[in-house]
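Structure record follows, encoded as structure tokens.
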Amino acid sequence: MDLLVGVPTHNSAKTIGQTVQAIRVGLLKYFPRERVVIVNADGGSKDSTREVIAAASINDPQHASGFYALRTLHCISTVYGGEPATEIAMHTILAAAELLRAKACAIVSPESTSIAPDWIERLLRPVYRDDFDLVTPVYGRHKFDGLLLRNLVYPMTRALYAQRVREPYAVEFAFSGRLGSHLMEQQVWDHGAGGVGTEMRVTLAAMAGEYRLCQSFLGTKQHLDRGSADLVPAMRQTVGTLFWSLEPNFQLWSANRDTESVPTFGAEYELNVEPIRVNRKRLHQLFTSGVAELEPVLKSILSAQTLTEVQAIATLPEDDFRYPHELWVKTAYEFAASYHKSVINRDHIIQALAPLYRGKVYTFLLENRDASAAQVEANVEALCLTFERLKPYLLGLWTTRE
């Protein structure tokens, strides 16, 4: 095969039909001469997910779009054993890609209801035509969406791995056969961090292996609001994976390197600044109550000075509250060092970071309430530069016994 598109699913019947349709049209329109296959790795769906995929016919997108393939478009669905798990689905898709010797592979989330056929071209073409090894997405977002990404995951990953990858945790991405073989050989999802964060591990492995990375603007990402209850799982997938990666990659991130821009196809960012209602009061309450209730835990994670400063801002009224960049960066770096030293259970460290993160998000929402897209971007850039400037602070924490 020339191209492979993998779709991991579990009870995805509501959206999988639209997803597969977009993939098929994209392949027919942009890659009519290539040998292509869609591989679905299903985690034992109890709904009609697999039936919807099996029923998808090559004729459907032809009649709907007017595009015709010059080769057979294959669609394969398989069920893997055990509980639904992203790492098993990824392993299944990578194994298929390696067996079929696919030159370029894309992974597409079945929940991407905003997916369009040109997403397939924008993901696969840089690998297939331009010899990149990993393509991560850039999405159009509301300025108050992707907050964990912009306030912690992107700035810290950029500062430590010295590459400006906007979406290090991506559910849509593409990779070369060369990188796929490396991921299979290294079995990156089997090491530490409880098997979570598979998507981010791919990005980190590509960075650590010095593969060729680029970004591609896909379009607007429809936000699925699952509520604040999902914050800790999201932090395990992203922040926990990032913290875990620092141990095996110490020689790489501890080196003194300037951050490099990553080649980008299309816009580097696109923000919607339309006013929306956000419950900032609740975030402030969760921050102040978390700082008070978790004081014994925070004492084991944070330095005395940082904890004192965090407790001081927790006493401020809402209108005067700010979580300054420098204090936030020191907080994040002290959490990373404490994770490395396992001062307490590592998962408890990630959980303890959640209320402090909410305080930073409150500040972000307040400071960017009336901000333009350019102003929001400038604020994010200022935070990134603070992470970069204070990187020696993390190194100092990392190498001391305290």
Side-chain angles (χ1 to χ4, degrees), residues 1-31 34-62 64-65 69 71-124 127-128 135 137 170-177 179-180 183-184 189 195 198-199 202 218 224:
M1 288 292 153
D2 298 310
L3 307 172
L4 181 148
V5 179
V7 187
T9 56
H10 180 249
N11 294 335
S12 309
K14 290 183 179 179
T15 56
I16 191 61
Q18 178 181 342
T19 301
V20 172
Q21 174 79 348
I23 293 170
R24 285 179 170 275
V25 173
L27 290 171
L28 288 168
K29 180 177 180 179
Y30 297 105
F31 303 102
E34 277 69 28
R35 298 167 296 177
V36 297
V37 60
I38 301 170
V39 175
N40 164 233
D42 187 76
S45 294
K46 303 300 183 184
D47 61 6
S48 58
T49 297
R50 297 194 69 220
E51 288 76 7
V52 172
I53 293 171
S57 166
I58 184 70
N59 294 321
D60 296 337
Q62 282 183 343
S65 64
R71 296 179 184 267
T72 302
L73 176 58
H74 301 281
C75 187
I76 301 168
S77 180
T78 183
V79 178
Y80 56 83
E83 293 295 317
T86 305
E87 63 270 22
I88 302 176
M90 183 70 68
H91 182 274
T92 302
I93 293 167
L94 283 168
E98 191 165 72
L99 287 168
L100 293 170
R101 291 179 288 182
K103 298 173 184 175
C105 313
I107 302 292
V108 175
S109 167
E111 296 182 357
S112 296
T113 55
S114 50
I115 186 174
D118 59 2
W119 285 28
I120 306 305
E121 189 264 348
R122 294 174 184 179
L123 286 171
L124 287 171
V127 176
Y128 189 59
V135 183
V171 293
E172 281 92 26
F173 58 93
F175 56 91
S176 65
L179 177 57
L183 296 171
M184 284 287 289
W189 45 81
T198 302
E199 296 89 345
V202 171
L218 299 186
L224 297 177

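Excluded from the calculations below are hydrogen atoms, water molecules and symmetry mates; all remaining heavy atoms, backbone and side chain alike, are included.
Listed for the Arg50 side chain is a donor-acceptor partner under 3.5 Å among the backbone atoms of Ser77. Formation of a donor-acceptor pair under 3.5 Å by the Thr15 side chain with backbone atoms of Pro110 is found in this model. In this structure, the side chain of Thr49 engages the main chain of Ala13 through a donor-acceptor pair within 3.5 Å.
Annotation for Glu199 and Phe173: closest pair CG-CE2, 4.3 Å, computed over non-hydrogen atoms. Contact between Ile93 and Val7 at its shortest, heavy atoms only, is CD1-N, 3.9 Å. For the pair Gly43 and Pro84, the tightest heavy-atom approach, listed with the atom from each and the gap, is O-CG, 3.4 Å. Between Pro8 and Ile107 the shortest heavy-atom distance is CD-CG2, 4.2 Å. For Leu123 against Ala174, the heavy-atom pair with the smallest separation is O-CB, 3.2 Å. Between Val52 and Gly17, the shortest heavy-atom distance links the atoms CG1-CA, 3.7 Å.
Rounded to the nearest 0.5 Å, atoms CG (Leu3) and CG (Leu100) are 11.5 Å apart. How far OG1 of Thr9 is from CG of Asp47: 8.5 Å, rounded to the nearest 0.5 Å. Taken to the nearest 0.5 Å, the CD1 atom of Ile120 stands 8.5 Å off from the CD atom of Glu172. Separating the SG atom in Cys105 from the CG atom in Leu179 is a distance of 9.5 Å, to the nearest 0.5 Å. The CZ atom of Arg122 sits 7.0 Å away from atom OH of Tyr30, with the distance rounded to the nearest 0.5 Å. Atom OG1 of Thr19 sits about 10.5 Å away from atom CD of Gln21, to the nearest 0.5 Å.
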Does Tyr128 form a side chain to side chain contact (heavy atoms under 4.5 Å, CB included) with Glu34? I'd like the steps, not just the answer.
CA-CA 10 Å; Tyr128 189 59; Glu34 277 69 28; 3.1 Å; yes
Let me see the working for Phe175 and Val202 under side chain to side chain contact (heavy atoms under 4.5 Å, CB included), right down to the final yes or no.
CA-CA 9 Å; Phe175 56 91; Val202 171; 5.5 Å; no
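Trp119 places a side-chain heavy atom less than 4.5 Å from the side chain of Ser114. Looking at Lys14 and Glu111, their side chains never come closer than 4.5 Å, going by heavy atoms from C-beta outward.
For the side-chain contact (heavy atoms from CB on, under 4.5 Å) with Ile23, the qualifying choice from Val36, Leu28, Leu73, Ile38 is Ile38, the only one to do so.
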